[in-house]
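As structure tokens, the structure follows; a few thoughts come after it.
Just follow the structure's listing: the first ligand is 1, and inside any ligand the first atom is 1. The figures here come from the full heavy-atom set of this structure, side chains too, leaving out hydrogens, waters and symmetry mates. Keep in mind the model is a prediction, meaning the values are calculated, not measured.
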Amino acid sequence: MAEAVIGGKTLPVPRHIAIIMDGNGRWAKNRGLPRTAGHAAGGETFRKIANYCRSLGVEYLTVYAFSTENWKRPEKEISGLMTLLGKYIREGLRDMEKNHVRFCFFGDLSRLPQKLQTLCLEAQERSAGFEGVQVNFCLNYGGRDEIVKAARDFARDVANGVRQPEELTEDVFSQYLYSKDVPDPELIIRPSGEMRLSNFLLWQSAYSELVFMNVLWPDFTPADLDEAILEYHRRNRRFGGV
Ligand code: IPE
Ligand code: IPE
Ligand code: MG
């Protein structure tokens, strides 16, 4: 685990931080701008925070960008978002080569526009060897969907004779999730003032510390991340013990 100076103190940095990037729409509304402008501003924040996490020595950063429920939004907002996501992944690729960020995608990409799917695969392949922070970008991601998919894949392996039902343990099941080989997040941050998980990392969040903050995602700064890490260090993690 890396150490960094946070709020004037040298502290261990969580290995895995997850963020629900929420509040773009309200940020735009407060400024009399279309919601898409909020998503564009949120994309910029993502870049800054990903680089900051890299400089702190965070190993994994998982960000919630589009949920399985976000398809309920107006068609215009969805298509604007898909265009922006393409732009950010393309720019991210450039940044990533400079900063050695490794890109992974969690979610069912098959429902995304074809061009975006290709871009995601390209980003994943081109960055696979990088050893900076690993960014897990959650796109068309839902925690329940992920668990159902894992159960289906395990059942298929049983039907094909590759696995026995008795072999199923928590560790084996974890290997069927998008997050296989990624440790559970110690810290999950949700800006925007909402206090819920909205179907984010349902399996992986079993013992995560949850930090809810009143800032809207486009306004979120490295100082807010420091604040969340300081709050994490104030928590007493017992994992069911005493
Ligand atoms: C988060 O911001 C981005 C996505 C869900 C795609 P929102 O768009 O949910 O912003 P609010 O919650 O309406 O302010
Ligand atoms: C969660 O935010 C999804 C993302 C940030 C991508 P939402 O804005 O969709 O969640 P709810 O609707 O407030 O629960
Ligand atoms: Mg929201």
Side-chain angles (χ1 to χ4, degrees), residues 16-50 53 60-92 103-113 116-117 119-120 123 135-149 177-179 182 185 187-205 208 210-221 224-225 228:
H16 182 178
I17 296 179
I19 306 181
I20 300 173
M21 303 191 291
D22 195 23
N24 297 349
R26 278 163 283 175
W27 183 92
K29 190 166 180 240
N30 291 344
R31 284 168 175 69
L33 297 169
R35 293 179 60 86
T36 321
H39 297 313
E44 279 306 317
T45 303
F46 161 68
R47 283 206 326 177
K48 283 185 207 136
I49 296 301
C53 282
Y60 303 91
L61 170 67
T62 301
V63 290
Y64 206 6
F66 193 88
S67 75
T68 46
E69 287 72 37
N70 286 146
W71 297 107
K72 292 179 194 158
R73 296 190 177 198
E75 160 86 60
K76 215 177 109 212
E77 179 173 348
I78 295 175
S79 63
L81 251 168
M82 294 298 154
T83 308
L84 275 171
L85 285 165
K87 176 174 176 276
Y88 282 108
I89 294 166
R90 230 174 283 117
E91 288 176 7
F103 256 96
C104 276
F105 292 87
F106 289 4
D108 177 8
L109 301 187
S110 70
R111 205 179 152 185
L112 301 175
L116 189 56
Q117 289 182 43
L119 209 54
C120 292
V135 171
N136 303 311
F137 209 82
C138 300
L139 270 186
N140 190 24
Y141 172 88
R144 289 186 172 181
D145 187 59
E146 178 182 35
I147 291 167
V148 168
K149 178 190 169 294
L177 299 171
Y178 293 120
S179 59
V182 175
L187 170 60
I188 298 181
I189 304 169
R190 183 167 191 159
S192 94
E194 307 298 349
M195 294 192 224
R196 55 178 169 260
L197 285 175
S198 303
N199 207 6
F200 189 44
L201 303 180
L202 296 184
W203 174 276
Q204 300 86 342
S205 62
S208 303
L210 308 180
V211 173
F212 299 102
M213 302 177 81
N214 267 324
V215 56
L216 300 172
W217 176 246
D219 291 327
F220 194 93
T221 62
D224 292 311
L225 191 76

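Of all N/O/S atoms in Asp22, OD1 sits nearest the Mg ion (ligand 3).
Expressed to the nearest 0.5 Å, how far CG of Asp145 lies from OG of Ser67 amounts to 10.5 Å. Remark: Trp217 CH2 to Phe46 CZ distance equals 8.5 Å, nearest 0.5 Å. Taken from CD in Gln204 to CD1 in Ile147, the straight-line distance is 7.0 Å, to the nearest 0.5 Å. Going from atom CG of Leu139 over to atom OH of Tyr64 covers 11.0 Å, rounded to the nearest 0.5 Å. Distance NE2/His39 to CE/Met21: 10.5 Å, rounded to 0.5 Å. Between the OG atom in Ser192 and the CZ atom in Arg26 there is a gap of 4.0 Å [rounded to 0.5 Å].
Comparing heavy-atom distances from atom 10 (O) of ligand 1 across Pro191, Gly43, Gly25 singles out Gly25 as nearest. Closest heavy-atom approach to atom 2 (O) of ligand 2 within the set Arg190, Glu69, Glu194, Met21: this belongs to Arg190.
Thr83 is not listed as a side-chain neighbour of Thr36, based on a closest heavy-atom distance of 4.5 Å or more. Contact of the Phe200 side chain with the Arg190 side chain is not registered, since no non-hydrogen atoms from C-beta on lie closer than 4.5 Å. The side-chain heavy atoms of Leu177 and Phe106, taken from C-beta on, include no pair separated by under 4.5 Å.
The shortest contact between atom 14 (O) of ligand 2 and any protein heavy atom is with Ser198 OG, 2.6 Å. Looking only at protein heavy atoms, the nearest one to atom 13 (O) of ligand 2 is Arg196 NH2, 2.8 Å. Among protein heavy atoms, atom 6 (C) of ligand 1 sits closest to Ala65 O, 3.3 Å.
Heavy-atom distances between Lys29 and ligand 1 stay at or above 4.0 Å for every pair. Contact analysis leaves Arg26 out of contact with ligand 2, as no non-hydrogen atom separation drops below 4.0 angstrom. Residue contact annotation: Ser192 has no non-hydrogen atom under 4.0 Å from ligand 1. Under a 4.0 Å heavy-atom criterion, Ser67 is not in contact with ligand 1.
Minimum interatomic distance between Ile49 and Thr221 (heavy atoms only, all atoms of both residues): CD1-C, 3.7 Å.
Under 4.0 angstrom from ligand 1, the non-hydrogen atoms of Leu81 all belong to its side chain.
When each atom of ligand 2 is checked for a heavy atom of Phe66 under 4.0 Å away, the hits are 6 (C). Taking every non-hydrogen atom of Arg73 and a distance limit under 4.0 Å, the qualifying atoms of ligand 2 come out as 7 (P), 8 (O), 9 (O).
Checked by distance only, ligand 1 and Asp22 come closer than 3.5 Å through their nitrogen or oxygen atoms. For the pair Asn70 and ligand 2, the shortest N or O to N or O distance falls below 3.5 Å.
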